[in-house]
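All remarks here apply to the structure that follows.
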Amino acid sequence: MCGRFTLYSSLNNLKKVFDIDTVTCEIKANYNVAPGHEVYAIIRGSILKQNDNRLGKLHWGLVPSWAKDLSGASRLINARAETLQEKPSFRNALKKRRCLIIADGFYEWKEKQPWYCLPAAGSLFGFAGLWETWKENNKSAYHSCTIITTEASESIKEIHDRMPVILKPEIIKEWLNPATQEYEKLSMILKHGHVTRIRTYQVSKFVDSPKNNGPRCIKP
DNA sequence: CCAGACGTTGTT
DNA sequence: GTCTGG
DNA sequence: CCAGACGTTGTT
DNA sequence: GTCTGG
């Protein structure tokens with residue numbers, strides 16, 4: 001799965017790697033992004049009907065629009081690629097509210113020991129994600145997201161049996177395009193358009209507590 | 001008809 | 001919101 | 001994902 | 001043990 005990750009690259013680096021037209025927030029380095037935290041994601045064609053790639057903040061842990069309150073806000077942090085279409089919490093978002101969640105790397109735990117997973121070829125990760133807006137009368141909207149997961153590739157199978165869907169750079173445009181709505185096409189992107197080569201190394205249990213942060217989290 | 005659910009993951 | 005179960 | 005909490009009652 | 005919070 002993907003229950004903790006990092007984002008510490010500068011905005012300039014993000015712009016070099018991804019196609020970003022508009023930036024709506026400041027980027028703050030985080031070596032221990034936990035559920036409930038704010039994450040940075042690229043969205044195209046939201047309710048604002050903008051036609052550019054917009055980088056903004058979303059809360060990690062998807063809250064469906066029909067949720068009664070925010071009490072379950074950190075529960076839906078992952079969504080299985082294999083069953084997205086059947087799930088009431090994800091189905092509509094798959095069709096209309098896809099996003100790309102930016103990360104430098106992510107953590108996986110094997111027998112209570114944390115490992116850090118990062119791109120084998122340098123650069124950054126773009127996770128396939130879904131987002132949603134939840135609103136209570138008269139209050140401001142709560143924007144949230146979930147990270148789509150798939151079967152682990154050879155590179156990390158020994159550590160864990162699930163991993164986030166890391167989109168190949170050349171397929172990101174199609175994933176973010178609001179016009180892409182056929183399930184067959186989306187399914188193909190998730191199944192065949194993701195990166196499988198990951199580099200891993202063991203890190204200390206410092207990262208275990210969501211209160212801890214800083215470069216020490218990713219120290220081998 | 002209304003009520004109630006709606007999600008993923010890991011664990012010995 | 002939308003589907004399933006009673 | 002891991003850490004941390006885990007409760008009731010009456011009172012102005 | 002199990003749920004909530006980060």
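Below, chains carry the letters A, B, ... as their sequence lines are ordered, and counting in each starts from 1. The figures here come from the full heavy-atom set of this structure, side chains too, leaving out hydrogens, waters and symmetry mates.
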Indicate, with yes or no, if Val195(A) and Leu167(A) share a hydrophobic cluster defined by side-chain heavy-atom contacts under 4.5 Å among Ile, Leu, Val, Met, Phe, Trp and Tyr.
-> no

Distance below 4.0 Å between Arg162(A) side-chain N/O and dT8(B) OP1 or OP2 | no

May I ask you to evaluate whether Arg75(A) reaches the phosphate of dC6(B), defined as a side-chain N or O under 4.0 Å from OP1 or OP2?
-> no

With sequence neighbours excluded, tell me which residues meet side chain to side chain donor-acceptor pair (under 3.5 Å) with Glu136(A).
-> Lys139(A)

Test side chain to side chain donor-acceptor pair (under 3.5 Å) applied to Lys191(A) - qualifying residues, sequence neighbours left out = none

Provide the full list of salt bridge (Lys or Arg N to Asp or Glu O under 4.0 Å) pairs with a residue in residues 203-220 of chain A, sequence neighbours left out, each pair given once.
-> Lys205(A)-Asp208(A)

[X]: which residues meet the side-chain contact (heavy atoms from CB on, under 4.5 Å) condition with it, sequence neighbours left out?
X	value
Ser10(A)	Asn12(A), Asn13(A)
Thr6(A)	Tyr8(A), Asp104(A), Tyr107(A), Tyr116(A), Ile218(A)
Asp52(A)	Asp21(A), Thr22(A), Gln50(A), Arg54(A)
Ser71(A)	Asp69(A)

Using a 4.0 Å heavy-atom cut-off across all strands, classify Ser89(A) as base, sugar-phosphate, or nothing.
-> sugar-phosphate

For Thr146(A), which contact category applies under a 4.0 Å heavy-atom criterion: base, sugar-phosphate, or nothing?
-> nothing

Asn78(A) CG to dG7(B) C1', in whole Å, measures 10 Å

Between N or O atoms, less than 3.5 Å apart, protein on one side and nucleotides 2-5 of chain D on the other: list the pairs.
{"from": "dC2(D)", "atom 1": "O4'", "to": "Arg4(A)", "atom 2": "NH2", "distance (Å)": "2.9"}
{"from": "dC2(D)", "atom 1": "O3'", "to": "Asp208(A)", "atom 2": "O", "distance (Å)": "3.3"}
{"from": "dG4(D)", "atom 1": "OP1", "to": "Lys211(A)", "atom 2": "NZ", "distance (Å)": "3.3"}

Is there any side chain to side chain donor-acceptor pair (under 3.5 Å) pair reaching into residues 76-103 of chain A, and which pairs are they, with sequence neighbours excluded?
-> Glu82(A)-Arg162(A), Arg97(A)-Glu132(A)

For residues 58-97 of chain A, pull every pair meeting ring pair (Phe, Tyr, Trp, His ring centres under 6.0 Å), keeping only residues two or more places apart or in separate chains.
-> Phe5(A)-Trp60(A), His59(A)-Tyr142(A)

Given Watson-Crick or G-U pairs with both distances under 3.5 Å, what dot-bracket string fits DNA chain B, with | for other-strand pairs and [ ] for crossing?
-> ||||||......

Between the protein and nucleotides 2-6 of chain C, which nitrogen or oxygen pairs are less than 3.5 angstrom apart?
none

